[in-house]
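Not measured: the values here are computed from a predicted model. Numbered from 1 within each chain, the chains take letters A, B, ... in sequence-line order.
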Amino acid sequence: MAQKPSIPKGTRDFSPTEVAKRNYIFSTVKAVFETYGFQPIETPSFENSATLMGKYGEEGDRLIFKILNSGDYLKKVDDALLIAKESLKITPRISEKALRYDLTVPFARYVVQHQNEIVFPFKRYQMQPVWRADRPQKGRFREFYQCDADVVGSKGLWQEIEFVQLYDAVFTKLKLEGTTVKLNNRKILAGIAEIIGAKEKLIDFTVALDKLDKIGEEGVVNEMISKGISKEAISKIQPLFNFTGTNQQKINQLATLLASSEEGTTGVEELRFVVDNIEALGLQTATLSIDVTLARGLNYYTGAIYEVSAPKTVQMSSIGGGGRYDDLTGIFGLKNVSGVGISFGLDRIYLVLEELNLFDEVELPTPKVLFVNFGDKEAAYCMKALQKLRSKNIKSELYPSNVKLKKQLNYANQRGIPFVVMVGSSEVENKNYTIKNMQLGTQEVCGLEEIIKMVSTL
RNA sequence: GUGGUUGUAGCUCAGCUGGUUAGAGCGCCGGAUUGUGGUUCCGGAGGUCGCCGGUUCGAACCCGGUCUUCCACCCCA
């Protein structure tokens with residue numbers, strides 16, 4: 001009995017057309033990364049659990065796919081734990097490996113492990129799949145690709161400026177116009193928290209603020225109050241709830257608001273430097289926008305925070321994000337290595353390009369010529385011609401078996417092969433070929449050189 | 001993790017308040033046309049109605065569970 005095959009929740013198969021489109025995005029991103037001086041590395045799909053666990057907060061830990069140990073893994077577990085059914089305590093004993101959750105933490109691990117071979121500042125990019133045990137939704141999968149570029153070993157703000165340009169360059173190349181690069185700085189958020197006396201509640205505070213455009217001012221205020229932030233404190237940051245104007249106006253407002261916070265003022269100065277320079281250099285198709293509500297869940301960011309949103313016409317939230325982390329390698333024992341990086345969400349970019357019909361120039365690797373198979377003698381003659389064509393990098397093939405001509409032509413038709421070469425006994429005898437143009441329906445007898453010429457003009 | 005939603009042929013979907021052998025279009029295969037495709041005409045194959053269990057004389061339809069789909073929350077690319 002044949003069981004119906006299926007794939008796990010949140011995973012996908014990719015057809016030849018889809019792969020071609022995905023490769024188009026990949027190669028575009030890759031080319032821009034390399035233009036900006038980044039070099040590729042790769043890390044394993046799974047890491048030791050200890051490397052990943054605890055780096056993404058409680059929520060993140062829950063979403064990490066754990067890999068069961070091999071062998072009789074339950075033998076080593078205390079009976080007491082098993083009887084109590086304490087999954088959280090049992091998990092680390094029966095699972096010592098886990099699928100990577102993002103590319104940044106494995107990269108930090110890589111930097112620490114290879115610190116003696118690396119030339120700093122180290123600029124690497126990485127395009128590999130990551131896995132999250134999330135509930136799938138539109139643009140949310142359990143297996144998806146991230147394309148990351150990071151620089152570690154430099155605190156320079158010029159790199160932060162370059163990343164905004166890099167985003168702009170990639171989306172311009174993909175003809176995806178109207179993206180918004182949102183910019184914020186963790187030090188500004190910390191400064192705000194300091195001003196309202198909620199320094200210890202920075203995470204709760206930023207998570208609440210992040211939801212402003214979704215649940216509105218009232219919702220955010222309510223959430224903050226429920227997290228124990230006082231009403232008077234919240235009223236101090238009232239201006240942030242209606243934070244409009246040009247980037248320069250926003251910076252000036254923030255400077256005033258945060259004047260009494262040292263950290264906040266540093267954040268404003270960093271933001272000012274980045275924004276001033278980007279505005280002086282100009283962007284092609286993206287818009288730079290300061291967004292103080294931008295927090296991003298990952299708590300390892302310490303400075304600049306980026307997020308890219310798709311053009312407003314499509315319903316897709318974030319298609320990329322990143323930021324500065326001053327001490328990510330610290331957890332692995334390498335102190336004082338500042339890093340900054342960005343990430344592209346390949347799968348979401350794909351959905352956006354698809355929705356906006358921006359894939360027109362993507363081409364499948366379709367053969368240009370099909371040789372019809374009329375029998376072994378004729379096929380042998382065709383194979384010699386194929387060797388010639390292939391040595392000239394012309395995509396070509398022989399129909400693998402001697403079936404009805406109708407079927408072979410239909411095959412060429414369905415695959416969109418533009419030329420069919422027919423070699424029967426008379427062609428073998430006369431040392432020539434009959435080539436048929438499938439679009440025009442015309443055909444002629446000619447030599448191999450003419451075939452190469454005809455096909456090459458495509 | 002919480003709440004809701006979806007599942008019928010390879011694909012897109014019909015199928016009335018539970019009632020005989022479950023349908024269509026597209027696709028597929030064959031023929032008209034044994035060395036000439038895309039059009040047309042004719043014929044054909046293909047479904048234990050997601051899976052397991054229950055209610056009923058009788059279930060694609062009702063009930064429970066489970067998996068899957070999509071959505072909201074959480075979180076995030």
What protein N or O atoms touch nucleotides 25-29 of chain B N or O atoms at under 3.5 angstrom, if any, and at what distances?
residue: rC28(B); atom: OP1; partner: Gln414(A); partner atom: NE2; Å: 2.6

Would you please indicate yes or no on a ring centroid separation below 6.0 angstrom for [Y] and [X]?
{"X": "Phe344(A)", "Y": "Tyr167(A)", "result": "yes"}
{"X": "Phe359(A)", "Y": "Tyr350(A)", "result": "yes"}
{"X": "Phe38(A)", "Y": "Tyr125(A)", "result": "no"}

Do Tyr306(A) and Glu160(A) have a side chain donor and acceptor closer than 3.5 Å? no

If we take the [atom1] atom in both [N] and [M], what is their distance in whole Å?
{"N": "rC75(B)", "M": "rG50(B)", "atom1": "C1'", "value": "29 Å"}
{"N": "rG15(B)", "M": "rA45(B)", "atom1": "P", "value": "26 Å"}
{"N": "rA32(B)", "M": "rC71(B)", "atom1": "P", "value": "50 Å"}
{"N": "rU6(B)", "M": "rC51(B)", "atom1": "C1'", "value": "15 Å"}
{"N": "rA60(B)", "M": "rG23(B)", "atom1": "P", "value": "13 Å"}
{"N": "rG31(B)", "M": "rA24(B)", "atom1": "C1'", "value": "24 Å"}
{"N": "rG18(B)", "M": "rC62(B)", "atom1": "C1'", "value": "8 Å"}
{"N": "rG27(B)", "M": "rU5(B)", "atom1": "P", "value": "36 Å"}

Reckon [X] touches a base, only the sugar-phosphate, or nothing at all at heavy-atom distances under 4.0 Å?
{"X": "Leu405(A)", "answer": "base"}
{"X": "Ser425(A)", "answer": "base"}
{"X": "Phe141(A)", "answer": "base"}
{"X": "Gly139(A)", "answer": "base"}
{"X": "Gly375(A)", "answer": "nothing"}

Could you give the [atom1]-to-[atom2] distance, from [X] to [N], as a whole number of Å?
{"X": "Glu307(A)", "N": "rA77(B)", "atom1": "CD", "atom2": "P", "result": "8 Å"}
{"X": "Gln137(A)", "N": "rU2(B)", "atom1": "CD", "atom2": "P", "result": "15 Å"}
{"X": "Met422(A)", "N": "rG35(B)", "atom1": "CE", "atom2": "P", "result": "12 Å"}
{"X": "Asp134(A)", "N": "rC75(B)", "atom1": "CG", "atom2": "P", "result": "11 Å"}
{"X": "Leu409(A)", "N": "rG35(B)", "atom1": "CG", "atom2": "C1'", "result": "9 Å"}
{"X": "Asp61(A)", "N": "rC76(B)", "atom1": "CG", "atom2": "P", "result": "13 Å"}
{"X": "Glu427(A)", "N": "rU36(B)", "atom1": "CD", "atom2": "C1'", "result": "12 Å"}
{"X": "Ile435(A)", "N": "rG35(B)", "atom1": "CD1", "atom2": "C1'", "result": "17 Å"}

Look at the side chain of [X] against the base of [N] and say whether a donor-acceptor pair falls under 3.5 Å; ignore hydrogens and angles.
{"X": "Lys436(A)", "N": "rU36(B)", "answer": "yes"}
{"X": "Arg135(A)", "N": "rG3(B)", "answer": "yes"}
{"X": "Gln408(A)", "N": "rU36(B)", "answer": "no"}

Residue Arg348(A), side-chain atoms from C-beta onward, closest of rA77(B), rC71(B), rC75(B): rA77(B)

Considering only heavy side-chain atoms of Lys138(A), the closest of rC76(B), rC75(B), rC71(B) is rC71(B)

Intermediate values then yes/no, salt bridge (charged side-chain N to carboxylate O under 4.0 Å, His left out), Asp347(A) and Arg22(A): CA-CA 8 Å; Asp347(A) 301 86; Arg22(A) 289 168 66 87; 3.0 Å; yes

Do Thr287(A) and Leu283(A) pass the side chain to side chain contact (heavy atoms under 4.5 Å, CB included) test, and can you show the C-alpha distance, the side-chain angles, and the key distance before you say yes or no? CA-CA 7 Å; Thr287(A) 309; Leu283(A) 294 174; over 6 Å; no

List the steps and the verdict of side chain to side chain contact (heavy atoms under 4.5 Å, CB included) for Ile417(A) and Met438(A). CA-CA 8 Å; Ile417(A) 301 172; Met438(A) 294 299 278; over 6 Å; no

Test item: Phe144(A) and Val130(A) side chains (from C-beta on) under 4.5 Å apart, heavy atoms: yes

Passes side chain to side chain donor-acceptor pair (under 3.5 Å), Glu429(A) versus Ser426(A)? Steps please. CA-CA 5 Å; Glu429(A) 209 168 299; Ser426(A) 72; over 6 Å; no

Consider side chain to side chain contact (heavy atoms under 4.5 Å, CB included). Of Met454(A), Lys436(A), Gln439(A), which one does Phe419(A) pass it with? Met454(A)

Any side-chain N or O of Lys211(A) under 4.0 Å from OP1/OP2 of rC74(B)? yes

Think Lys404(A) has a side-chain N or O under 4.0 angstrom from the OP1 or OP2 of rU34(B)? no

Here RNA chain B, pairs taken as Watson-Crick or G-U under 3.5 Å and shown with ( ), [ ] when crossing and | when to another strand, reads ((((..(..((((.....[...)))).(((((.......))))).....(((((..]....))))))..))))....

Is the aromatic ring of Phe144(A) within stacking range of rA77(B), meaning centres under 5.5 angstrom and planes under 30 degrees? yes

For Arg62(A), is there an ion pair with Glu59(A) - N to carboxylate O distance below 4.0 angstrom? yes

So that I can tick it off, tell me whether Arg415(A) and Glu397(A) are bridged by a salt bridge, with the cut-off set at under 4.0 angstrom between side-chain N and carboxylate O. yes

Find which nucleotide of RNA chain B each of Pro8(A) and Ile319(A) is nearest to by heavy atoms, and output the residue with the more 5' nucleotide. Pro8(A)

Can you work out whether Lys9(A) or Phe344(A) has the more 5'-proximal nearest nucleotide on RNA chain B? Lys9(A)

